[in-house]
Amino acid sequence: MTPFRWRCTDCGREYTRDQVRYLCPECGQAYRPGIPLCGVLEAVFDYAAIGAAFDRGRPDWSLFSAVETEFNPACPVGNTPLVPAAKLGLGLGLDRLWIKNDGLNPSGSLKDRASFLVVAEALRLGEKRIVAASTGNAASALAAVCAATDREAFIFVPEKAPRAKLVQMVLYGATVVPVKGTYDEAFRLSLEYTAQRGGLNRNTAYHPLTIEGKKTAGLEIWGQLGFQVPDAIFVSAGDGVILAGVHKAFVDLRRAGLVERLPRLFCIQAESSDAIHRYVQTGRYSDAPDPCTRADSISVSCPSNAHWARRAVLESGGASLTVNDAEILEGQARLARSTGIFAEPAAAAAAAGLMKVQEGPEPLPREATVVILATGHGLKDVEAPLSWIQIPAAIEPRLEAVPG
Ligand SMILES: [Zn+2]
């Protein structure tokens, strides 16, 4: 760990580590449920110290961490493979395409990274209960990491979350409270719960360490590419926190003098859950009125980290676009068949976004180094591909009955 201060991403005020816990006390007052978070905090490290200490020969990633390693839960996360995707790249006109397969985290999603750091923080603070609202993956992640410790995961989840994710939470031993309504309503209820009854709230972006946790995916991409900055990273976005986390990774690296530029960040949203996309395009924020997509993990009306996500796209010279459910399911199948990686629909949205760019008027050049961030495992939601694939009928157990 390197010493850091919290800085408000809206007003720039700075706070010492334990002076604040969630949002900027000034700007956070403007926050009310139903609008994107105000006063999201950013960890600002002693970058000169990081730059001086970081050794590419023996990289110490804990230099970038905002919690001491002694509090790490006994549930290793991250260090997921960066997989070369030559076959998929060939079809997309890209010679250097990679997949960061974060579905291989313990609970099957990138969100383990955020839960890991927030649970470490709970251990540091002596908080027994960690509370979260989630579309499913963040809750499964929190439940898994808590299961490896003596902390309790207390979870608000929309009742329509995919069953595999609900099964994960219950089996890991979390207290699960399904909420009638949307993710946004579960989010609001969880804030009321921690305000009135206590516990550490892990809501995404609301607790700034969720962004720091997700940052590790970006740091790993840089390390796994031989300490090179890729030209573009495709990230699916619901709340926009993974996008912010990947952005923060390269911002930290640049501030530490370890890289000179940011990768172009491509924000991919589902067509009906497109609040960040429209915000990027128009500069004006409005909710997605009726998010309804098979990509449940990115189905959000009011993205909590909309402001940072927009900034990540603009500052990096990236772009935002939307994909519909048919494109997402096609992207899922194409990714599976050409890389062996079975990604859940929300993760496949990033692949579908790249396919749309490459088949559009301004494809990325063949020599570009491009990364798709595959954020969750496909086994979390087998109902999605079952909506269209055909499983062959059974045959009699005789050789003559075998087709072909
Ligand atoms: Zn502020």
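Counting starts at 1 for both ligands and their atoms, in listed order. Quick caveat, the model's predicted, so the values are computed rather than measured.
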Using only heavy-atom distances, determine whether the side chains of Gln281 and Ser320 contain a donor-acceptor pair under 3.5 Å.
->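 Judged by distance alone, the side chains do pair up.
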
No-hydrogen, no-angle side-chain donor-acceptor test under 3.5 Å, Arg264 and Ser316 =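 The answer is no; no qualifying pair exists.
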
With the Zn ion (ligand 1) as the centre, enumerate protein N/O/S atoms below 2.8 Å in chain and residue order.
->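 Less than 2.8 Å away from the Zn ion (ligand 1) sit Cys8 SG, Cys11 SG, Cys24 SG, Cys27 SG.
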
Evaluate the ring planes of Trp61 and Phe227, with Trp represented by its six-membered ring, and classify them as parallel (under 30°), tilted (30 to 60°) or perpendicular (over 60°).
->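 Parallel.
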
N/O donor-acceptor pairs under 3.5 Å from side chains in residues 237-252, not counting sequence neighbours:
{"unit_1": "Asp239", "atom_1": "OD1", "unit_2": "Ser304", "atom_2": "N", "d": "2.7"}
{"unit_1": "Asp239", "atom_1": "OD1", "unit_2": "Ser304", "atom_2": "OG", "d": "3.3"}
{"unit_1": "Asp239", "atom_1": "OD2", "unit_2": "Tyr183", "atom_2": "OH", "d": "2.5"}
{"unit_1": "His247", "atom_1": "ND1", "unit_2": "Trp308", "atom_2": "NE1", "d": "3.0"}
{"unit_1": "His247", "atom_1": "NE2", "unit_2": "Glu315", "atom_2": "OE1", "d": "3.0"}
{"unit_1": "Lys248", "atom_1": "NZ", "unit_2": "Ala43", "atom_2": "O", "d": "2.8"}
{"unit_1": "Lys248", "atom_1": "NZ", "unit_2": "Glu212", "atom_2": "OE2", "d": "2.7"}
{"unit_1": "Lys248", "atom_1": "NZ", "unit_2": "Asp252", "atom_2": "OD1", "d": "3.0"}
{"unit_1": "Lys248", "atom_1": "NZ", "unit_2": "Asp252", "atom_2": "OD2", "d": "3.1"}
{"unit_1": "Asp252", "atom_1": "OD1", "unit_2": "Tyr47", "atom_2": "OH", "d": "2.5"}
{"unit_1": "Asp252", "atom_1": "OD2", "unit_2": "Lys215", "atom_2": "NZ", "d": "2.8"}

Between Thr175 and Arg129, is any pair of side-chain heavy atoms under 4.5 Å apart?
->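 Heavy-atom side-chain distance check fails, nothing below 4.5 Å.
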
Using a cut-off of 6.0 Å, state whether more than 12 heavy atoms not belonging to Gln19 lie near its atom CD.
->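 It does: Gln19 CD has more than 12 such atoms within range.
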
